[in-house]
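Comments concern the structure below.
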Amino acid sequence: MIKLNYLFAVVALFFLVGCSNKEVRPSIYEWGSYSKTSAAYVMYKEREDIRSAHKNVLEKIITKSEAESKKVPPSIYAEYAELLYDSNEKVLAKKYFLLEKDTYPESSVFINRILNKLYGGDK
Amino acid sequence: MKAFFYLFFTVLMVFFFQGCATTYNEITVDRYYNQFRAHHPKSILILPARNFTTASDASELYGSSITEVLSDKGYYVFPVQLVDRFLKSENLFEPEIVRKISVNKIKEVFNADSVLYVNIYNWKTDYRVFSGSVSVRINMILVDTTSGEEIWSSNAYAQENAGGATGGIIELIASAIDTAINANINYTEMAFKANSAALNNLPSGIYSNNFNKDSNQMMFFSDHKSSIYHKMYIQDNKIFIPKLLPLALPKEGELVVFRENGGKKFDGYVYNNPAYYNYRNLEEFYYYFEINNKKYLRHQFFNYEKNKPFIVLDSKKVFLKTDEQNKIIYEIKKSIIDDYLVFPIDSLVD
């Protein structure tokens, strides 16, 4: 009885092929291969090649968005700033932290806290 | 004789399913999530996901995939990595501990309008009847940081179909091994799919062209009304949901959902409607969701409004009766064609 029920299900499956919901995902921003390199980066943070690949992708997102007068996606400036800070480019990093804040004022409370932590009272 | 009987019904069933006869009822996103518009957030803070799987890196991988999807919905998404680092610098290392931060504190520290809580399940590679597959299941709840209200939630599932329905046993085993080798990449793409599916029904945010224009966006729920033997229906203030239908085979209490994925390797979709599933045992899919220092018992196949489970039928929200622990009350009604799960109805909302 139960096996026959499964048989029904299997038969039904074959005939149901073709019912799929379509995915609507309009893109507001330029993302490049962000999802790929960011996944690799969180997995292998210690690997220099992956880190620089991710940094390149972020750089490209920024330059391409700016060139096309599009908004840089949320958190990209900040993520780029974080990578710059880690590779000891602290002055440049600060510029990008500030850009995150300017582009998305809703981030300013948090970014100010980060700036305080990383640069002390000198904002 | 009995075999003939079943064959007859198989043929009947084929007839009824041909050409995707699944029927749908619909409800607007605003009615489904009726707390959302009043608290429409501009920004979303994603806290580190709670990982209920054996894969230690699931939470990090998940975090890497959600920013893109959520930003494209029109929200400001706080930098996931930087938030994680900040929390760690405050000695908040475990997602379980982070969960205990009150929403008032989140508002104060991050100035985020809303906070997204995520649970991850089923993050693993396994061998299945038809294919080696990787699957991921996600539950999300969005909470308004000003009022502490839950304003939106979603459950999504994504899987990879590594093998086909035609391969022999050796091919099947080989594809299961490939799946394991490529697992990390697959998980990422799948998390992306699951996120896309889950967030599809999130109304658009302020940076989207659809902001405030998608009030009438429809959500669809299959009800199998066109099927004689396997439809959902309401009778005597109870809702009847067929057990067998339609797209699933059970295995060890797990959900295995087969779906045509339009030639793509991955597929992701929401499972707000339990009619999608052949759940053998509802008991196995309860979980606790801890928000703002309160612990709620939830079931993975139901959405909740004010902590009450509901499903959609005839374009109405059907709230189900629960016991004192908030477990959903149901019984199983057996019949020759299909078993039904029968849920007493608490209330119906048009």
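So that the names make sense, note that chain A is the first sequence line, chain B the second, and so on, each numbered from 1. Heavy atoms only: backbone and side chains are in, while hydrogens, waters and symmetry mates are out.
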Go through B:Asn210 and B:Lys73 one step at a time and tell me if the side chain to side chain donor-acceptor pair (under 3.5 Å) criterion holds. CA-CA 9 Å; B:Asn210 286 329; B:Lys73 282 301 269 191; over 6 Å; no
Which region of B:Thr67, side chain (C-beta onward) or backbone (N, CA, C, O), has a non-hydrogen atom less than 4.5 Å from a non-hydrogen atom of chain A, or is it both or neither? both
Look at the side chain of B:Ser64 and the backbone N and O of A:Val42, then say whether any donor-acceptor pair between them is shorter than 3.5 Å. no
Does NZ or CZ of A:Arg47 lie under 6.0 Å from the centre of the six-membered ring of A:Tyr44, at an angle within 45° of the ring axis? yes
Applying a strict 4.5 Å limit to non-hydrogen atoms, the region of B:Ser204 in contact with chain A is neither
If you tally heavy-atom pairs under 4.5 Å against chain A, which of B:Asn209, B:Asp113, B:Asp84, B:Val83 wins? B:Val83
B:Tyr207 versus chain A, the contacting section by heavy-atom distance below 4.5 Å: both
Given the options A:Glu79, A:Lys45, A:Glu82, B:Gln81 meets side chain to side chain donor-acceptor pair (under 3.5 Å) only with A:Lys45
Short side-chain donor-acceptor distance under 3.5 Å, A:Lys117 and B:Ser89: yes
Is there any residue in residues 56-66 of chain A with a non-hydrogen atom under 4.5 Å from a non-hydrogen atom of chain B, and which ones are they? none
Tell me if the centroids of the rings in B:Phe86 and A:Phe110 come within less than 6.0 Å of each other. yes
Taking the six-membered ring for Trp, are A:Tyr80 and A:Tyr96 parallel (under 30°), tilted (30 to 60°) or perpendicular (over 60°)? perpendicular
Between the side chains of B:Tyr62 and B:Asn195, is a donor N or O closer than 3.5 angstrom to an acceptor N or O? yes
